[in-house]
Amino acid sequence: MDIAYIPSPSRGVWNLGPVPLRAYAFCIILGVVVAVWLGSKRWVARGGAKHTVGDIAVWAVPFGLVGGRLYHVITDGGRLYFGEGKNPWNALKIWEGGLGIWGAIALGAVGAWIGCRRRGVPLPAYADAIAPGIALAQALGRWGNYFNQELYGRETTLPWGLKIHKVLPDGTVVEGVYHPTFLYESLWCVGVALLVIWADRRFTLGHGRAFALYVAAYTVGRFWTEWLRIDEAHVYFGLRLNDWVSIAVFLCAVAYLVVVGKKRPGREDPATIDPAAHLEAEGAEGVAADKADAKGAAKVAEKADAKAAEKSAAGAGKGGDGAQSSRSVDGKPAAAPAAVAADKADEDAKNPI
């Protein structure tokens, strides 16, 4: 009898009126948000513009989703979606799970390449910036498998085993305690992200080497969790297909790390990775110059106003002395200007020309 285990969720879908809210989709979306956020911070730290990662992700994410689904359908579609008694339209139901990471990374890289070309950004530098974020996105995405009660491992008596109770489409009831491979891979991906961040700072990785390290580290953990899984898969020479893919990808990533590390050590010049960063810098300089000009103009105007006030005060002082002298001439009071004008008008009327 199992006295301790991880319970499975009672449901993975909540309905908001006619709209189904699926936990699997939320996990994927949250992963994308985290990847873009962390990638943007790393990209700016490397000398790039703050919106570049998000702009390129607009291309990379849809391509990655399509690639992940295609890989899943190609490798597992024969037993799930095609053939007698199967519904091919179910291959489009991405919300029910089924994204192959290999296809997601491969086709997502194509989308990123398109976005990088449009922005004038080198793809290896971009890949280095987003590598830890992709690992964290995978860590979050694996929790979607938890809500779907899928991709678990062999039966276990360990206290962290995952309790499964579900009914398969063919009516088969699955109930028991299994290895929570979703949790193993999620934690492994968090460790991969931390490893890439540390190694990138420690060894100043560039030219795609941080991304290659992420790929190599991830495949090690994927090989182990894939070995634990019991869901149906293609098996060749005693290993599941994804184990063979992990081995091949691991070797390619390590070769890339070694070759590029020798040919192009260090990191890209920050001034060469993102043209948009120069535009942002120029814009910031322009704003600063405008503020400085406005501040200088305000000081000049202030000085001019002060001088005008001084002159006005001096003129008022002289005018007061003249008025005082006009009040008395030879000791007699001086006539007011209005009175003098009136007397002159009366005199002219009496002596017309």
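Quick caveat: nothing in here was measured; it's all calculated off a predicted structure.
- Residues T156 and L162 form no side-chain contact, since every pair of their non-hydrogen atoms from C-beta on lies 4.5 Å or further apart.
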Exercise. How far apart are the C-alpha atoms of N145 and Y152, what are their side-chain angles, what is the distance that settles it, and do they pass the side-chain contact (heavy atoms from CB on, under 4.5 Å) test?
Worked result: CA-CA 9 Å; N145 302 131; Y152 44 85; over 6 Å; no

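- No chain of hydrophobic side-chain contacts below 4.5 Å, direct or via other Ile, Leu, Val, Met, Phe, Trp or Tyr residues, connects L38 to W188.
- Here the side chain of D274 pairs a donor or acceptor atom with the backbone of A276 at under 3.5 angstrom.
- Evaluation of the ring pair (Phe, Tyr, Trp, His ring centres under 6.0 Å) test over residues 225-256, restricted to residues two or more places apart or in two chains, returns none.
- When all heavy atoms of G120 and P275 are compared, the pair lying nearest together is O-CD, 3.4 Å.
- For CZ of R154, the number of neighbouring non-hydrogen atoms (other residues, nucleotides, ligands) closer than 6.0 Å is greater than 12.
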Problem set entry | Stepwise side-chain contact (heavy atoms from CB on, under 4.5 Å) check, V220 with V192 | CA-CA 10 Å; V220 173; V192 170; over 6 Å; no

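- Counting heavy atoms from C-beta on, the side chains of N15 and V13 come closer than 4.5 Å.
- Under the side chain to side chain contact (heavy atoms under 4.5 Å, CB included) rule, R42 has a single partner from I197, V53, I130, which is I197.
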Problem set entry | side-chain contact (heavy atoms from CB on, under 4.5 Å) assessment of T172 paired with V167 | CA-CA 6 Å; T172 303; V167 180; over 6 Å; no

Exercise. D269 and T272: side-chain contact (heavy atoms from CB on, under 4.5 Å), yes or no, with the steps?
Worked result: CA-CA 6 Å; D269 182 356; T272 65; 3.8 Å; yes

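- Taking both residues in full, the closest heavy atoms of A131 and A210 are given as CB-O, 4.0 Å, listed atom of the first, atom of the second, then distance.
- Residues V61 and Y214 are members of one and the same hydrophobic cluster, defined by side-chain heavy-atom contacts under 4.5 angstrom among Ile, Leu, Val, Met, Phe, Trp and Tyr.
- Note on R209 versus D128: no salt bridge recorded, every NZ/NE/NH1/NH2 to OD/OE distance being 4.0 Å or above.
- Interatomic distance, C189 SG to L195 CG, rounded to the nearest 0.5 Å: 12.0 Å.
- Within the 4.5 Å cutoff, the side chain of E175 has no heavy atoms near those of the I164 side chain.
- Minimum interatomic distance between P132 and A193 (heavy atoms only, all atoms of both residues): O-CB, 3.6 Å.
- Residues T181 and R142 have side chains not in contact (no heavy-atom distance under 4.5 Å, counting atoms from C-beta outward).
- L241 CG to D76 CG: the interatomic distance, rounded to the nearest 0.5 Å, is 8.5 Å.
- Atom CD of E185 sits about 10.0 Å away from atom CH2 of W224, to the nearest 0.5 Å.
- When Y24, F182, Y178, Y184 are each tested for a ring-ring contact (aromatic ring centres under 6.0 Å, His included) with Y146, only one passes: F182.
- The cluster map of Ile, Leu, Val, Met, Phe, Trp and Tyr, joined by side-chain heavy atoms under 4.5 Å apart, puts L213 and F203 in the same cluster.
- The two residues A137 and A35 make their nearest non-hydrogen contact at CB-CB, 4.2 Å.
- Atoms CZ and CH2, on R22 and W14 in that order, are 11.0 Å from each other to the nearest 0.5 Å.
- Interatomic distance, CZ of R117 versus CD1 of I56, reported as 12.5 Å (0.5 Å rounding).
- The cluster map of Ile, Leu, Val, Met, Phe, Trp and Tyr, joined by side-chain heavy atoms under 4.5 Å apart, puts V32 and Y126 in the same cluster.
- When side chains are defined from C-beta on, V177 does not count as touching T157, because their heavy atoms never get closer than 4.5 Å.
- Note that CG of D55 and CZ of R119 are 4.5 Å apart. Values are rounded to the nearest 0.5 Å.
- In terms of modelled atom types and a separation under 3.5 Å, the side chain of E268 and the main chain of H207 share a donor-acceptor contact.
- With respect to the salt-bridge test (charged N to carboxylate O, under 4.0 angstrom), the residues R46 and D200 qualify.
- Here the side chains of H72 and I94 are not in contact, with every heavy-atom distance at 4.5 Å or above.
- Within the 4.5 Å cutoff, the side chain of L30 has no heavy atoms near those of the W143 side chain.
- Of all heavy-atom pairs spanning F63 and W59, the tightest one is CD1-O, 3.1 Å.
- Remark: the backbone N or O of V235 is not paired with any side-chain donor or acceptor of R240 at under 3.5 angstrom.
- One hydrophobic cluster, built from ILVMFWY side chains closer than 4.5 Å, holds both F223 and Y218.
- A 6.0 Å sphere centred on NZ of K41 holds no more than 12 heavy atoms belonging to other residues, nucleotides or ligands.
- Side chain to side chain, R222 and S246 fail the donor-acceptor criterion of an N or O pair below 3.5 Å.
- Judged by distance alone, the side chain of Q149 and the main-chain N or O of H165 form a donor-acceptor pair under 3.5 Å.
- Not a single donor-acceptor pair under 3.5 Å links the side chain of T204 to the backbone N or O of G266.
- Among T219, L107, T75, the single residue meeting the side chain to side chain contact (heavy atoms under 4.5 Å, CB included) criterion with W102 is T219.
- The closest donor-acceptor contact from the side chain of R69 to the backbone of A104 lies at 3.5 Å or more, if one exists at all.
- Between L140 and V34 there is a side-chain heavy-atom pair separated by less than 4.5 Å.
- Counting only N and O atoms by type, the side chains of N242 and Y71 include a donor and acceptor under 3.5 Å apart.
- In this structure, V190 and A139 approach most closely via the heavy-atom pair CG2-CB, 3.8 Å.
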